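Below: one structure, written as structure tokens.
Naming convention: chains lettered A, B, ... in sequence-line order (proteins, then strands); numbering from 1 in each chain. If you're wondering where the values come from, they're calculated on a predicted model, not measured in any experiment.
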Amino acid sequence: MLITFPDGAQKEFAKGTTPLQVAASISGGLARAVVAAKVNGELVGVAEPIEADCKFELLKFDSDEGKSVYWHSTAHLLAQAVKELFPDVKVAIGPAIENGFYYDFEREDAFSEEDLEQITQKMKELSQKKFAYQRQVVSRSEALEYFQKQDEKYKVELLAAIGDDQTISMYSQGDFTDLCRGPHLPDTGGIKAIKLLKTSGAYWRGDEKNKMLKRIYGISFPSNKELNQYLANLEEAKKRDHRLLGKQLDLFSFSSRIGAGLVLWHPKGALIRNFIESFWKEQHLKNGYSLVNTPHIGKAELWETSGHLGFYDESMYSPLNIDEQNYYIKPMNCPFHIEIYNSSKKSYRQLPVRYAEMGNVYRYERAGTLHGLMRVRGFTQDDAHIICMKEQIDAEVKKTVEFSIFMLKSFGFEDFEIYLSTKPEEKFVGELEDWHKAESALENALVELGIDFKVDAGGGAFYGPKIDIKIKDALGRSWQCSTIQFDFNLPTRFNMEYVGKDNSLHRPYMIHRALLGSLERFFATLLEYHGGNLPMWLSPEQVRIIPISDQFLDYAKKVENFLVDAGYRVQISDEDQGVGYKIRQAENQKIPYMIICGEQEQKAGTASVRKHTQGDIGCFELEKLSEILS
RNA sequence: GCCAAAGUAGCUCAGUGGUAGAGCAACUGAUUCGUAAUCAGUAGGUCGUGGGUUCAACUCCCAUCUUUGGCUCCA
């Protein structure tokens, strides 16, 4: 049979040759590094015989698919080790994930640190025994019989869900057999460096009505060097965590006396936030938005009309009773903006209207979901609602997407993930035609602007399709920031109208959008993205002036006045300390520039400039400083 | 909300069934200094909160608040 390699080369092999043998024949000793293969685009184990002509590719650990196979095999090894140490434990599922793998088990007690240590040792022991991962294709009844006998109820349940037309395969290594599609490494000996990272609870099949299982997360590598590198990177990433930086730089805090998820912005954090807001307002005015302001509470009737009391009440704070009326704290700004729209009769000549507001909202997020500034209970959405006619949709969507990307780039972001979420299968409101129109407007905008995006089919809200932009945090977790959503629900509920050219009433289209998402979350991603080293224009303190001793304090003040006049945010380090100490303080505070003033500078009328993280960049005349400090 | 872990001085952390310790920060004094920590001294804590067990609780138990990692949710 003829095998075609990715570079186009072809070679004849005997029928039944395995990818491992192919690898050995073409790359000699390198064959050991091969963890999987692709036959006609399909991922296969390197020990599986190839039966016919095919396109063929070898995969090493450094490829995404290679990692996935490697980690999946490690997950099986984990299950094997757990079953040997704790025979009563029931196994559920154990896939590879973006970074490593996990396996879910049913066990009464949680896995302790000591358990993990013991399991790791057992895994290493089993790895050294080099058990082959043996694949066997079985019938459903054979598989059922096996797992029933083993009393593995989760596997039995999984089998029930597999279609009759699908092949059922099981993989065995040593005494352990798992229901699995594969593929796997040839044997457990390939797994060299293992680290079990953490444990957690996880609902069976991700449904909170089901039993909560015990999950173990881990990662593995072909060498200890790679594992240590990964763990070191993880430690490094933790230093960029916005919660840590927020404390170090004194930007914000929480108080248990005030309540969970309610942010206290300290002077420096609030200043940065103000710079963001000012920029935001300026840009919105430039882009044809009208700035509005709306209250924090609204009567129950409002939320009944909007429908939030029906489908969102679990996320709303309990009402305040005022004059026999229930008032709710707003979880969203939309109804308020709609009331502004509805406050007067609108003509098609006035459309589109774009109402924007930094709207403070409060949502009761479940206690376990709160996370620093990323998920809080009281936050500020950079919200806007675009209300327009059908024929304006395409232009409005395109403008909004462009604006969104512009905003993110203005803050230095280059890497983000963009998702287009389309109509849910069931449970949606509005006309199909409108959905299609809106979806194509969203998609066209992305395509025309040449933006890469992923489609989340059926992932839209019940009221409309949307584009989301997600940004990753220091530890690689994605957080949704920008969102552009159509809404086919509220315009009807609030009976929004405009008078058309034909002098009759029409229902406008509404787009709900937030470009930064929430200021809190945006601020957090901003901090993490820059590792706390904010761009100059956002730094609360841009220059720290460091006199060598008190004798040069007067000169330092002269430099300060000069810089303040030039528009910089400056402070003098006047404590009774050495230069090294003062520089250290400024470096730790991540102040972009330091200016050292001593005898030389005073005599020459210059300033010695030191740049954060870079060090001394030279001595300059005061007039030249504005060219240097940027 | 669920499964876990944690909460000791402003911060980072040690500690133990007999009533609390370090470093940094703060304060005072000395020092007047050239590119990431000058020296000495002083002060600072109802050990998250509320109950319970005990002769005795920071330590053990229960509840609660908050935080952390996940799960779920995220209109």
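Of all nucleotides listed (B:U32, B:C3, B:A4), B:U32 comes nearest to the side chain of A:Ser549. Distance from the side chain of A:Asp616 is smallest for B:U35 among the nucleotides B:C33, B:U35, B:A4. Proximity note for A:Lys214 (side chain, C-beta onward) versus B:U67, B:C3, B:U35: the nearest is B:C3. Nearest nucleotide to the A:Thr369 side chain, out of B:A36, B:G1, B:C2: B:G1. When the nucleotides B:G1, B:C33, B:A37 are ranked by their closest atom to the side chain of A:Ile548, B:C33 comes out on top. Listed candidates were B:C33, B:G1, B:A4. Nearest to the side chain of A:Ala367 is B:G1. Closest to the side chain of A:Arg215, from the set B:G34, B:C71, B:U32, is B:C71.
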Discussion item. For RNA chain B, please output the secondary structure as dot-bracket, reading 5' to 3'. Pairs are Watson-Crick or G-U wobble, both atom distances under 3.5 Å; mark crossing pairs with [ ], other-strand partners with |, unpaired with a dot.
Written reply: ((((((((.[[[[.)..(..]]]].(((((.......))))).....[[[[[..)....]]]]])))))))....

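At the heavy-atom level, A:Lys247 lies under 4.0 Å from the strands shown only through sugar-phosphate atoms. Looking at heavy-atom distances under 4.0 Å, A:Arg363 makes contact with sugar-phosphate atoms alone, never a base. Counting any heavy atom pair closer than 4.0 Å across all strands shown, A:Gly517 reaches no nucleic acid atom. Within 4.0 Å (heavy atoms only), A:Gly372 reaches sugar-phosphate atoms of the nucleic acid but no base atom. Residue A:Gly368 is in base contact, counting any heavy-atom pair closer than 4.0 Å across all strands shown. Residue A:Glu601 is in base contact, counting any heavy-atom pair closer than 4.0 Å across all strands shown. Contacts of A:Tyr217 with the nucleic acid, taken as non-hydrogen atoms under 4.0 Å apart, involve only primed sugar atoms and P, OP1 or OP2. Nucleic acid contact class of A:Arg477 (heavy atoms, under 4.0 Å, all strands): sugar-phosphate only. Contacts of A:Gln577 with the nucleic acid, taken as non-hydrogen atoms under 4.0 Å apart, include base atoms.
Contact annotation: A:Tyr581 reaches the phosphate of B:A25 (side-chain N/O to OP1 or OP2, under 4.0 Å). In terms of phosphate contacts, A:Lys198 brings a side-chain nitrogen or oxygen within less than 4.0 Å of OP1 or OP2 of B:G70. Proximity of A:Arg243 to the phosphate of B:U68: a side-chain N or O atom is located under 4.0 Å from OP1 or OP2. For B:U72, neither phosphate oxygen OP1 nor OP2 lies less than 4.0 angstrom from any side-chain nitrogen or oxygen of A:Arg205. OP1 or OP2 of B:G69 has at least one side-chain nitrogen or oxygen of A:His371 nearer than 4.0 Å.
Taking only distance into account, the side chain of A:Arg584 never meets the base of B:U35 through a donor-acceptor pair shorter than 3.5 Å. Scanning atom types as modelled, one donor and one acceptor separated by under 3.5 angstrom connect the side chain of A:Tyr203 and the base of B:G1. Checked by distance alone, A:Glu365 brings no side-chain donor or acceptor within 3.5 Å of a matching partner on the base of B:G1. Interface remark: the A:Arg610 side chain does form a donor-acceptor pair with the B:A36 base, using a distance-only criterion of under 3.5 Å. The base of B:U35 sits with one of its N or O atoms less than 3.5 Å from a complementary donor or acceptor on the side chain of A:Ser608.
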Ignoring hydrogens and angles, write down the donor-acceptor pairs under 3.5 Å from the side chains of residues 551-559 of chain A, residues two or more places apart or on other chains.
from     : atom 1 : to       : atom 2 : distance (Å)
A:Tyr555 : OH     : A:Glu601 : O      : 3.4
A:Tyr555 : OH     : A:Thr606 : N      : 3.0
A:Tyr555 : OH     : A:Thr606 : O      : 2.6

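For the 3.5 Å distance criterion, the side chains of A:Thr294 and A:Lys330 qualify, holding a donor opposite an acceptor.
Each of A:Phe552 and A:Gly206 was matched to the nucleotide of RNA chain B holding its nearest heavy atom; the match closer to the 5' end belongs to A:Phe552.
Taking atom C1' on both B:G15 and B:G23, the two are 15 Å apart, rounded to the nearest angstrom.
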